[in-house]
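Since the structure comes first, as C-alpha cells, the remarks are kept for the end.
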Amino acid sequence: MLAMPKILSFKPARVMVLDRLIIRIIKESSRSDGVISFFSCIRTAMFELLLFMCFGFDLSEDSLLQIVEIVDAILHLPSRAMQDFYPFTSIFFRGQERRVSELRARQIKVYTSLIEEHKERCAHGTISPGSYLETLLHLDTGMPFSTVDLVTLCSEFIVAGTDTTVTTLEWAMARLADDASIQGKLLDEIKAVVGDRPVEETDLQKLPYLQAIVRETLRLHPPGHFLLPHAVSEACKIGGYDIPANAVVLFHVIAMGRDPQHWEKPLEFKPDRFLNKEFDVTGTKQSTMLPFGAGRRICPGLGLATMHLELFIARLVQKLNWTPYLKGERVDFDEKMVFTVRMKNPLKVLVEQRNT
Ligand code: HEM
C-alpha cells in the first residue's frame, strides 16, 4: 500500500483534497480579514485524504468528524509511563481504563460501519480501487483478518499518517510565513520550473529548494522527538552503558537534529544547508537526523509523507502569500507535546491570493 506505484494511483484524491483545501482557506480568510488558523484547515484536508486512501471513498462530513474525535481522544490519553515504572499506581488509574474501553468500543463501531460501507460500495462498483482496506481484505495470509483486526490496522494507518504530516506542515508554513526571503526563493523556483500551471507530483523531483525546505523542517521540527519506544532484545552496551534485555529505549532524535557538532547554527532555519548535497534521512549512510526512525521499524509511510509534504507546501505557496497575522511580528516557535510536538500557539497567518 505504501509502495510508490500505489501512492501514485491516489493522485486524483490528492488533487481533489488540495483544491478543496485552497477553497476552504480562501473562504475562511475572506470571513476574517485574511487571517486563518492553519492547523484546523490542514488537519481536515489530511484526514480527508488518508481516509480516502484507507477506505476508497470520500467520507461524509459526519463520519469524518467522528473519526477526528476518536483520534483526538486517543492522542489525549494520558501516558501509561507512570504505571509501567510503578505498577502499584494502577489502582489510581481505573477510571482511565474504563475510558479506554469505551473509546475502543466507539472506535470499533465507527470503523466497522465504514468497513461495511466499503463492502457495499464494492458490490455496487462505487469505489476507488486500491485502497488500504481493499489490500487487507485480499491479503493471502492463510487466515482472513477479523473485523476487529481490520479496525486496528485501519486506525493505525490513520493515526500514524495524519498528525505527523499535519504537524510538520504547520511548522513548515510557520517558517515560510516568518521568513519572506525563503518563501520568495521557493516561489521563484516554482515559477522557473513549473510556470503558471498548478504544481504536479511529477514536478517535485525538479524542485531542490522545496525538498531542502522539507528536510530542514524535519531536522528542526521532527514531529516525534523520541520516535516510538523500542525494546532491547538482548543485553548490550551502548556508549559505555549496560543496557539490560527488555529495557525500553527512546531515541532522542531532536538532539541529533539540533546537535551543534553536526549542524552549523542548528537552531536557525536554513534550507540552503541541504542544497547540492546527497542527503539520506533513513540512517543508512548517516544518522545526523532521523525523523522517520531507522532500520527495521523505520516509518513505512516515509515516501507517502515526503510526497504529501512537498506537494502541499508547493501548492500552498504557489497559490497564496503567507505572512504572520500581526504585521511586523515574528511567529512564535514555542513547542508543546500532544503525541507529536506541535506549535504551542497554533499558527495564525494572513494569507492573500497571488496574482497568477
Ligand atoms: C512527516 C510525516 C511522518 C513522520 C515524521 C513519521 C515518523 C514516524 C516515526 C518516527 C515512526 C516510528 C519509527 C521508530 O520508532 O523507529 C513511525 C512509525 C510509523 N509510521 Fe510514520 N511518520 C510520518 C508519516 C506517516 C504516514 C503518512 C504513514 C502512513 C499512512 C505512516 C505510517 C507509520 C506506521 C504504520 C508506523 C508504525 C510502524 C511500526 O509499527 O513498525 N507514517 N513514523
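First listed ligand is number 1; within each ligand, the first listed atom is number 1. Note: hydrogens, waters and symmetry copies are ignored here, and every other heavy atom, side chains too, is used.
The proximity of Leu228 to ligand 1, defined as any non-hydrogen pair under 4.0 Å, involves the side chain as well as the backbone. Counting heavy atoms under 4.0 Å from ligand 1, residue Pro291 touches it through the backbone alone. At a 4.0 Å heavy-atom cut-off, ligand 1 touches His230 through the side chain alone. Counting heavy atoms closer than 4.0 Å to ligand 1, residue Phe157 contributes atoms from both its backbone and its side chain.
Between Arg14 and Glu201 there is a salt bridge, since at least one side-chain N of the basic residue sits less than 4.0 Å from a carboxylate O of the acidic one. Contact check on Arg24 versus Glu28 returns no salt bridge, with no Lys/Arg side-chain nitrogen under 4.0 Å from an Asp/Glu carboxylate oxygen. Salt-bridge check for Glu216 with Arg273: passed, with a basic side-chain N closer than 4.0 Å to an acidic carboxylate O.
Put simply, CD on Glu134 and CG on Leu139 are 11.0 Å apart, with the number rounded to the nearest 0.5 Å.
Atom NZ of Lys27 has 12 or fewer heavy atoms from other residues, nucleotides or ligands within 6.0 Å. Within a 6.0 Å sphere centred on NE2 of His124, heavy atoms belonging to other residues, nucleotides or ligands number 12 at most.
When only non-hydrogen protein atoms are considered, atom 2 (C) of ligand 1 lies nearest to Ala305 CB, 3.5 Å. Looking only at protein heavy atoms, the nearest one to atom 4 (C) of ligand 1 is Phe292 CE2, 3.4 Å.
The distance criterion of under 3.5 Å between nitrogen or oxygen atoms is not met by Leu227 with respect to ligand 1. Checked by distance only, ligand 1 and Arg297 come closer than 3.5 Å through their nitrogen or oxygen atoms.
Taking 4.0 Å as the cut-off, Leu290 does not count as a neighbour of ligand 1 on heavy-atom distance.
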Task: Verdict with reasoning, Arg43 to Val71, per side chain to side chain contact (heavy atoms under 4.5 Å, CB included) - done: CA-CA 12 Å; Arg43 196 159 186 249; Val71 172; 4.1 Å; yes
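Listed by number with element, the atoms of ligand 1 under 4.0 Å from a non-hydrogen atom of Pro223 are 5 (C).
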